[in-house]
Amino acid sequence: MARYFKFLAIGVLFTIHYSLFTSCQEGGDAGDLLGQWRLTEKTDMYVSFSGTITQFRKNNGQAVFAKFQHVGDSLFMQCSSIYQEKSDTVMVEDEYGMKPFTNIRVKIEALDADRLLLSKDGRHWTLEKY
């Protein structure tokens, strides 16, 4: 019985250690994208990354959320509109220029601690860490 208790105790300690380690990781899957980035061309527009969530935001308070996935040199984003407002789609597709709203795929040209360069179909977006 004591032998089984030893294995149980080690298992419990491992589980506690693992859960504490994973719960303390800020940003989760965001990696180098973690944080808030400002479009250099339009200083009132921001893109934030945390975990697997992206937020497109403007200084006027308008915000649209998306799920994102960073795979190799590609960034996949799937926006969703909580209230199904047309203005959310207009903001992402027309003002940010990222289309289509529910299935955005852009190439990551450069990514470092201060700058993020994205491209798609000849269009480029330069973002700086804010």
Side-chain angles (χ1 to χ4, degrees):
M1 184 69 160
R3 186 170 77 162
Y4 294 113
F5 179 77
K6 182 169 96 173
F7 288 114
L8 179 64
I10 290 171
V12 168
L13 289 175
F14 175 78
T15 303
I16 291 171
H17 174 75
Y18 180 76
S19 65
L20 288 175
F21 175 75
T22 56
S23 67
C24 293
Q25 291 181 349
E26 284 189 32
D29 296 337
D32 293 339
L33 293 169
L34 177 65
Q36 181 170 275
W37 300 83
R38 183 178 66 171
L39 275 167
T40 58
E41 302 87 29
K42 299 180 181 183
T43 59
D44 68 331
M45 298 172 68
Y46 302 86
V47 180
S48 301
F49 297 92
S50 180
T52 59
I53 302 295
T54 301
Q55 179 188 36
F56 294 92
R57 184 179 62 80
K58 292 181 63 180
N59 280 347
N60 68 4
Q62 185 178 6
V64 174
F65 292 92
K67 285 185 162 188
F68 82 91
Q69 188 176 24
H70 179 189
V71 180
D73 67 349
S74 294
L75 182 60
F76 300 90
M77 295 177 278
Q78 296 175 334
C79 297
S80 58
S81 178
I82 296 171
Y83 301 109
Q84 303 296 316
E85 294 180 7
K86 179 70 175 162
S87 60
D88 291 344
T89 304
V90 168
M91 183 178 90
V92 173
E93 289 190 349
D94 296 340
E95 295 181 39
Y96 278 85
M98 296 190 179
K99 299 177 185 182
F101 185 75
T102 57
N103 192 22
I104 300 167
R105 179 182 181 183
V106 293
K107 181 177 182 185
I108 299 175
E109 298 285 344
L111 172 61
D112 60 37
D114 301 317
R115 190 179 74 132
L116 171 61
L117 179 61
L118 303 173
S119 69
K120 179 179 182 177
D121 299 331
R123 173 128 192 221
H124 290 83
W125 297 270
T126 303
L127 298 102
E128 59 187 9
K129 197 71 163 243
Y130 188 73

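- No donor-acceptor distance shorter than 3.5 angstrom exists from the side chain of T126 to the backbone of T40, with no hydrogens or angles considered.
- Smallest separation of non-hydrogen atoms from K129 and G35: CE-CA, 4.1 Å.
- Using modelled atom types and a 3.5 Å distance limit, the side chains of S48 and R57 yield no donor-acceptor pair.
- Every residue two or more places apart in sequence or in another chain was checked for a salt bridge (charged side-chain N to carboxylate O under 4.0 Å, His left out) with E85, and none qualifies.
- Shown are Y46, W37, F56; of these, the ring-ring contact (aromatic ring centres under 6.0 Å, His included) with Y96 is made only by F56.
- Side-chain atoms of T89 and S81, non-hydrogen and from C-beta on, never get closer than 4.5 Å to each other.
- Contact annotation: the side chain of K58 approaches that of M45 to within less than 4.5 Å [non-hydrogen atoms, C-beta and beyond].
- Proximity of W125 to V106: side-chain heavy atoms (C-beta onward) are separated by under 4.5 Å at one or more points.
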Given the rule in the side chain to side chain contact (heavy atoms under 4.5 Å, CB included) test, do L34 and F49 qualify, once you have shown the distances and angles that lead to the verdict?
-> CA-CA 5 Å; L34 177 65; F49 297 92; 5.7 Å; no

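- Separating the OG1 atom in T102 from the NZ atom in K67 is a distance of 13.5 Å, to the nearest 0.5 Å.
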Derivation and outcome, side chain to side chain contact (heavy atoms under 4.5 Å, CB included), residues R123 and L118 = CA-CA 8 Å; R123 173 128 192 221; L118 303 173; over 6 Å; no

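- Residue Q55 comes nearest to A63 through the heavy atom pair NE2-CB, 3.3 Å, listed as atom of the first residue, atom of the second, then distance.
- Within the 4.5 Å cutoff, no side-chain heavy atoms of L117 are placed close to those of I108.
- Take E109 and apply the salt bridge (charged side-chain N to carboxylate O under 4.0 Å, His left out) test, not counting sequence neighbours, and it matches no residue.
- Among all heavy-atom pairs drawn from S87 and Q62, the shortest one is O-NE2, 3.0 Å.
- Between S119 and H124, the shortest heavy-atom distance links the atoms CB-CD2, 3.6 Å.
- Ionic pairing of E95 and K42 is not present here: no N-O contact between side-chain nitrogen and carboxylate oxygen is shorter than 4.0 angstrom.
- Residues M77 and A66 come closest through the heavy atom pair CB-CB, 4.4 Å.
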For L75 and L33, run side chain to side chain contact (heavy atoms under 4.5 Å, CB included): C-alpha distance rounded to whole Å, both residues' side-chain angles, the deciding distance at 0.1 Å, then the answer.
-> CA-CA 10 Å; L75 182 60; L33 293 169; 3.9 Å; yes

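- Atom CZ of R105 has 12 or fewer heavy atoms from other residues, nucleotides or ligands within 6.0 Å.
- Of the inter-residue distances, the one linking M98 atom CE with N103 atom CG reads 13.5 Å to the nearest 0.5 angstrom.
- Here the closest heavy-atom approach between residue V92 and residue C79 is recorded as CG1-SG, 4.0 Å.
- We find the CZ-OG1 distance between F76 and T54 to be 13.0 Å, quoted to the nearest 0.5 Å.
- Expressed to the nearest 0.5 Å, how far CG of D88 lies from OH of Y83 amounts to 10.0 Å.
- When side chains are defined from C-beta on, H70 does not count as touching D32, because their heavy atoms never get closer than 4.5 Å.
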Run the numbers on L116 and V47 for side chain to side chain contact (heavy atoms under 4.5 Å, CB included), then give the verdict.
-> CA-CA 11 Å; L116 171 61; V47 180; over 6 Å; no

